[in-house]
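Residue numbering restarts at 1 for every chain, and letters A, B, ... go by the order of the sequence lines.
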Amino acid sequence: MSFTQFNPQGHLRHLITLEGLGAPLLTTLLDRADALLRPRGAAPARNQALAGVTVGNLFTEPSTRTRASFELAGKRLGADVVNLEIQLSSRVKGETMLDTIYTLQAMGVDLFVIRDAEAGVHEYVAGHVQDHVSILSAGESHLSHPTQGLLDALTLRQHCGGFAGRTVTIVGDLRHSRVARSAYHALTTLGIGELRLCGPAPLMPPAGEFHRARRCTTLNEGLEGTDVVMMLRIQKERMADALIPERADYHAQWGLTPERLTLARPDCLVMHPGPMNRSVEIDSTVADGPQSAIQRQVTNGVAVRMAVLEHIAAGRLRHV
Amino acid sequence: MSFTQFNPQGHLRHLITLEGLGAPLLTTLLDRADALLRPRGAAPARNQALAGVTVGNLFTEPSTRTRASFELAGKRLGADVVNLEIQLSSRVKGETMLDTIYTLQAMGVDLFVIRDAEAGVHEYVAGHVQDHVSILSAGESHLSHPTQGLLDALTLRQHCGGFAGRTVTIVGDLRHSRVARSAYHALTTLGIGELRLCGPAPLMPPAGEFHRARRCTTLNEGLEGTDVVMMLRIQKERMADALIPERADYHAQWGLTPERLTLARPDCLVMHPGPMNRSVEIDSTVADGPQSAIQRQVTNGVAVRMAVLEHIAAGRLRHV
Amino acid sequence: MSFTQFNPQGHLRHLITLEGLGAPLLTTLLDRADALLRPRGAAPARNQALAGVTVGNLFTEPSTRTRASFELAGKRLGADVVNLEIQLSSRVKGETMLDTIYTLQAMGVDLFVIRDAEAGVHEYVAGHVQDHVSILSAGESHLSHPTQGLLDALTLRQHCGGFAGRTVTIVGDLRHSRVARSAYHALTTLGIGELRLCGPAPLMPPAGEFHRARRCTTLNEGLEGTDVVMMLRIQKERMADALIPERADYHAQWGLTPERLTLARPDCLVMHPGPMNRSVEIDSTVADGPQSAIQRQVTNGVAVRMAVLEHIAAGRLRHV
């Protein structure tokens with residue numbers, strides 16, 4: 001693609017996809033996120049890296065957790081944060097969508113954090129804003145959720161110490177998952193040993209995608225000896241569409257139970273992006289068990305978002 | 001109950017009910033709230049007692065006044081405040097409700113301010129959060145509204161100088177009122193002379209409750225010589241349920257008019273938790289008259305919430 | 001009218017309409033707004049002029065741009081800002097509307113920023129608040145939008161250097177436009193040379209209004225030799241009401257095209273309050289062209305609102 005996420009000085013300007021970002025940059029972001037973590041219950045890391053910067057959170061729904069995570073990340077870095085309940089792609093025409101962005105940009109919004117269900121919105125917007133403005137994706141259709149990919153990589157690295165020689169298994173609705181795609185980009189770039197995919201056939205990704213991953217036909221095959229298993233949320237809509245069996249059947253075939261988890265390495269880490277459908281894709285015994293990293297993922301999410309905001313702010317083109 | 005609102009060091013950790021809190025603690029909170037009040041129009045009291053602390057306001061409706069009161073209290077103490085429009089108890093299952101809490105806790109929310117229409121939600125959540133996290137109720141079903149109870153006690157104390165020998169009358173829908181229950185706990189603990197209850201028979205509380213209060217059968221009996229009268233909001237739903245007479249009839253029997261108020265002591269204070277149904281439970285002449293403390297209650301509410309937030313933050317178990 | 005926006009010391013206390021404000025005051029506000037502007041991409045101007053002041057934004061819809069503009073203006077001046085989604089005039093009775101205001105006032109809200117579709121709400125509220133409290137209109141029915149009038153005047157002054165001898169043309173639904181009315185008050189007070197109005201006959205203002213303006217019957221007549229053209233947003237409701245022709249017809253008669261714009265002065269500035277109906281009242285070539293000041297208007301809007309907030313805060317009656 002001709003679109004680049006970097007500014008002319010080679011510094012990361014937008015974060016819309018992890019595709020095409022190199023391992024050194026990803027590692028820099030993970031290292032910084034690690035440095036921003038604090039012990040449970042301690043006061044969170046704070047600094048003024050975003051003092052004078054205005055962050056606009058544009059989410060369709062007012063109360064998503066990702067919005068809260070970005071809001072806290074921005075506030076802890078001293079930014080002014082405004083939340084707007086706006087679905088950009090619902091605007092009638094492209095120009096109208098841009099008008100919303102231009103208006104906020106003219107008010108001094110410097111960093112836009114955007115969730116949108118329509119593919120291409122982020123890149124389109126990024127191609128039209130002024131050169132001191134950055135676009136961060138907080139989720140784009142089924143395609144990309146870059147800060148989720150980073151937090152997943154960070155959580156894995158904290159557990160495994162690194163990526164080489166490690167096996168990760170992603171289970172569930174891979175076809176519609178932006179979480180899986182961003183994890184794939186992060187983990188393959190960072191040199192994961194093996195990436196396995198498994199899920200119901202109608203929910204497996206098209207043949208041209210995830211080409212460096214191994215496709216497994218059963219959950220048992222996917223789990224055997226793996227270091228990390230990432231369970232994906234199954235949308236009830238998929239069941240309504242009859243793409244997949246009902247709840248109980250799904251659980252029987254693809255749900256992560258304590259018994260099945262014994263197929264993996266004894267210290268296998270269990271991840272889930274949330275929110276979970278307990279007793280469907282994952283049993284509560286597993287979700288709340290000692291191998292679960294689900295809450296650590298959320299904590300890492302704030303740290304990763306702070307690292308990304310800091311990094312982008314540091315490279316901004318300022319005309320003072 | 002086995003649940004305790006105190007941490008192992010004996011410091012108040014949660015505030016879900018006033019039941020079981022001793023007079024010295026209540027007095028400490030009221031004294032501090034008094035110290036946080038400023039003259040009308042002066043800049044509000046501010047400090048950094050909650051610097052580094054993140055407060056999550058979880059309210060079903062986005063714009064309740066209690067949410068604004070807690071938000072301002074938190075901000076004036078230097079906290080990071082995030083507002084989320086979430087009804088915990090509407091979540092399908094208990095685990096899902098906890099997942100929402102766990103997620104926010106993992107983002108660093110330290111103090112949860114929760115309003116919920118279902119009984120037991122606050123205590124259930126408090127029983128599952130990490131030991132540096134606190135739960136504050138901003139209203140629980142018909143059971144408890146502790147900061148309202150405190151602000152009512154504070155308003156009374158400012159007027160009467162104390163509680164001993166004083167008479168308070170609560171009028172209206174006592175059966176469904178969390179305001180009345182929290183006032184009862186606060187005032188009886190603080191040594192009120194006499195507490196009278198009156199309202200339509202179907203809206204009087206069950207026999208086992210409010211056992212230290214005197215039940216009156218007419219408003220006149222309730223008002224005679226009282227020092228303070230607290231009018232409760234009558235919900236229109238009660239009339240639709242035919243539990244009580246229509247608007248005009250309710251006013252005729254239980255509405256506070258200037259004439260009726262003359263039955264009380266000449267300086268009798270009039271309170272109402274808001275929002276009022278004017279011309280139903282209270283006449284505007286009374287609500288806006290010289291004996292009304294209704295706005296002072298609101299002002300006291302912010303001060304009381306600051307005092308509670310400060311107190312709980314001071315006793316937090318920090319692992320630094 | 002007996003209502004005054006000034007306090008007893010002659011200082012501006014409320015800003016509900018520009019009608020009756022003198023040129024020196026308007027000039028002071030515009031000068032200050034100019035001083036608060038920063039180059040594109042630079043950190044915005046900040047100070048602590050509103051430290052200790054609480055601003056309440058009361059808007060019916062949660063995500064209007066004007067709300068975001070006032071929120072950023074308040075935060076950049078160090079105010080505590082609370083957003084409430086409240087439509088005052090939808091309250092059942094006048095007293096109930098005031099109760100909402102009284103409650104927020106009692107929590108320490110000092111400056112109310114109110115948008116309301118009902119005429120008279122702002123003045124009514126201003127007549128009842130305590131003397132340290134101010135009311136700022138963010139839009140009142142079809143009558144007034146004072147900060148928009150100021151930002152329009154500022155944008156014009158930046159371009160033309162002044163008002164004397166200049167011609168401004170306002171095009172569109174003048175009858176229902178609070179933007180046009182506030183622009184009229186600002187520009188005539190500041191000594192504009194000529195103000196022209198044009199639009200479909202059913203959307204022209206009643207005969208008694210805009211008496212210092214010249215009414216034109218065609219767009220061409222309105223545009224000829226003008227220095228500034230302000231296009232108004234046409235509401236789709238007007239077309240549904242059959243007050244005006246359909247979209248395409250409206251554009252043919254009253255839409256600003258590049259060809260028509262050549263009738264004006266070569267450097268004629270094009271303004272629009274937003275959001276635009278592109279291809280209806282204005283062509284994209286014009287809206288995005290070199291003569292467009294539409295985004296500059298938005299930027300000026302934040303600066304003007306900061307200037308107004310600062311000015312009002314400086315004159316507040318404080319009882320410390």
*Show your reasoning for whether side chain to side chain contact (heavy atoms under 4.5 Å, CB included) applies to C:D99 and B:R278.*
CA-CA 10 Å; C:D99 281 342; B:R278 289 166 178 264; 2.6 Å; yes

*Mark yes or no for whether B:K75, through its side chain, and C:V81, through its backbone, hold a donor-acceptor pair below 3.5 Å.*
yes

*Under a 4.5 Å cut-off applied to non-hydrogen side-chain atoms, are C:T96 and B:M276 in contact?*
no

*B:Q295/C:Q130 under side chain to side chain contact (heavy atoms under 4.5 Å, CB included): CA gap, chis, key distance, verdict*: CA-CA 12 Å; B:Q295 293 182 43; C:Q130 293 171 352; 4.3 Å; yes

_To the nearest 0.5 Å, what is the distance between OG1 on C:T100 and CZ on B:R65?_
4.0 Å

_So which atom in C:A106 and which in B:T299 form the shortest heavy-atom distance, rounded to 0.1 Å?_
O-OG1, 2.6 Å

*Are C:Q105 and B:V298 close enough that some pair of their side-chain heavy atoms sits under 4.5 Å apart?*
no

*Which residues pass the salt bridge (Lys or Arg N to Asp or Glu O under 4.0 Å) test with C:D31, sequence neighbours left out?*
C:R157

*Of the non-hydrogen atoms in C:G52 and B:P44, which two are nearest, and what is the gap between them?*
O-CD, 3.0 Å

_Straight-line distance of B:R76 CZ to C:M107 CE, nearest 0.5 Å_ = 9.5 Å

*Sidechain N-carboxylate O distance under 4.0 Å for C:D80, B:R46*: yes

